[in-house]
Amino acid sequence: MEPRFDLNANELGAKIGKRFANTSLAIMQSSLPPSLRELVELRASQINGCGYCVDAHAKELAAAGEPAVRINLVAAWRESTVFTEAEQAALALAEEGTRLGDARHGVSDDTWALVRKHYDDDQIAALVYLVAMINAANRLLVITRTKGGSYQPGTFDSAAN
């Protein structure tokens, strides 16, 4: 399947994309560790089947020195020993916040309690927006059939400047 549409090549698409990028920049400037942001974005992207985003976030993690075992186990984080309790709380929030239509409860009280245990209010705000934004990005790129494989690490950072 070929890509359907380049949102950035369209004047209105590019205008909206700049606002989208500004929200992402605010999240990047939060106190959430970059590796945690990438892990959360990778997990949501895996669930949503966004090849471009899976490619991008896996490559960003690798470029930042994240061990391959952690990148490879994101999809099976519950069945692994390589993530901290705080990271597990964020990954649970990412999954439950991504699978809203699959769950009766949305984000469970248990997951929310774990998130509250490990993150301050600013970090929680950043995490909630991060989950929402990566889900929106996944949908934009899946709808337009943007393929994975060509992402170069650092592209997001250079686009944010």
Side-chain angles (χ1 to χ4, degrees), residues 1-66 68 70-75 77 87 89-107 111-112 115 119-161:
M1 293 185 287
E2 291 299 311
R4 289 180 168 151
F5 191 76
D6 182 350
L7 288 168
N8 293 317
N10 174 271
E11 185 177 343
L12 180 60
K15 183 177 179 180
I16 296 168
K18 282 187 177 191
R19 271 91 180 154
F20 195 88
N22 284 338
T23 302
S24 296
L25 180 59
I27 295 166
M28 289 171 63
Q29 293 170 343
S30 76
S31 64
L32 286 179
S35 61
L36 179 68
R37 291 192 319 258
E38 296 294 340
L39 291 169
V40 165
E41 290 175 315
L42 177 57
R43 186 62 193 123
S45 299
Q46 290 169 334
I47 293 166
N48 288 324
C50 183
Y52 183 85
C53 293
V54 168
D55 179 40
H57 299 296
K59 286 178 178 174
E60 289 290 351
L61 284 161
E66 195 67 41
R70 284 173 45 89
I71 298 168
N72 294 334
L73 284 173
V74 167
W77 65 268
E87 289 169 333
L91 290 166
L93 179 69
E95 284 190 2
E96 292 177 22
T98 296
R99 294 184 164 139
L100 293 174
D102 297 341
R104 295 174 303 159
H105 54 72
V107 174
T111 294
W112 190 252
V115 168
Y119 300 101
D120 65 31
D121 287 352
D122 287 347
Q123 292 171 321
I124 291 170
L127 272 170
V128 170
Y129 274 102
L130 179 66
V131 171
M133 293 300 290
I134 191 57
N135 274 281
N138 292 162
R139 281 153 178 77
L140 291 168
L141 297 171
V142 168
I143 289 167
T144 59
R145 291 189 181 155
T146 304
K147 301 293 178 197
S150 63
Y151 181 81
Q152 296 298 312
T155 299
F156 293 147
D157 290 337
S158 61
N161 296 324

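Predicted model, so just to flag it, every value in this text is computed and none were measured.
Heavy-atom minimum distance, Asn138 versus Ser45: ND2-OG, 3.0 Å. When all heavy atoms of Val74 and Leu42 are compared, the pair lying nearest together is CG2-CD2, 3.8 Å. The minimum heavy-atom distance between Leu141 and Cys53, with the atom names listed, is CD1-SG, 3.5 Å. Looking at every heavy atom in both residues, Gly97 comes nearest to Val107 through N-CG2, 3.9 Å. The minimum heavy-atom distance between Ala90 and Leu127, with the atom names listed, is CB-CD2, 4.1 Å. Between Leu32 and Ala126 the shortest heavy-atom distance is CD1-CB, 3.6 Å.
Using a 4.5 Å heavy-atom threshold, the side chains of Leu36 and Tyr119 count as touching. Two residues are said to be in side-chain contact when any heavy atoms from C-beta on lie closer than 4.5 Å; Tyr151 and Val54 fail this criterion.
For the atom pair Arg70 CZ and Leu61 CG, the distance stands at 8.5 Å (nearest 0.5 Å). Note: Glu41 CD to Ile27 CD1 = 7.5 Å, rounded to the nearest 0.5 Å.
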Would you tabulate the side-chain donor-acceptor contacts of residues 129-136 under 3.5 Å, counting partners in other chains and residues two or more places apart, or write 'none'?
residue : atom : partner : partner atom : Å
Asn135  : OD1  : Asn48   : ND2          : 2.8
Asn135  : OD1  : Thr98   : OG1          : 3.4
Asn135  : OD1  : Arg139  : NH1          : 3.0
Asn135  : ND2  : Thr98   : OG1          : 3.0
Asn135  : ND2  : Val131  : O            : 2.8

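Applying the salt bridge (charged side-chain N to carboxylate O under 4.0 Å, His left out) test to pairs two or more places apart or on separate chains, those with a residue in residues 51-63 are Asp55-Lys59. The salt bridge (charged side-chain N to carboxylate O under 4.0 Å, His left out) contacts involving residues 8-27 comprise nothing, where partners must be two or more places apart or lie in separate chains.
A donor-acceptor pair is defined here as one N or O able to donate and one able to accept, closer than 3.5 Å; no such pair exists between the side chain of Gln29 and the backbone of Ala26.
Under the side-chain contact (heavy atoms from CB on, under 4.5 Å) criterion, Pro34 pairs with Arg37, not counting sequence neighbours. A search for side chain to side chain donor-acceptor pair (under 3.5 Å) contacts involving Ser150 returns nothing, not counting sequence neighbours. With sequence neighbours excluded, the residues that form a salt bridge (Lys or Arg N to Asp or Glu O under 4.0 Å) with Asp121 are Arg116. Under the side-chain contact (heavy atoms from CB on, under 4.5 Å) criterion, Asn22 pairs with no residue at all, not counting sequence neighbours. Not counting sequence neighbours, the partners of Thr146 by the side chain to side chain donor-acceptor pair (under 3.5 Å) test are Thr144. Checked against side chain to side chain donor-acceptor pair (under 3.5 Å), Ser30 has no partners two or more places apart in sequence or in another chain. Checked against side-chain contact (heavy atoms from CB on, under 4.5 Å), Asn10 has the following partners two or more places apart in sequence or in another chain: Phe5, Leu12. Applying the salt bridge (Lys or Arg N to Asp or Glu O under 4.0 Å) criterion to Glu95, with sequence neighbours excluded, gives Arg43, Arg78, Arg99. Applying the side-chain contact (heavy atoms from CB on, under 4.5 Å) test to Val142 and every residue at least two apart in sequence or in another chain returns Cys50.
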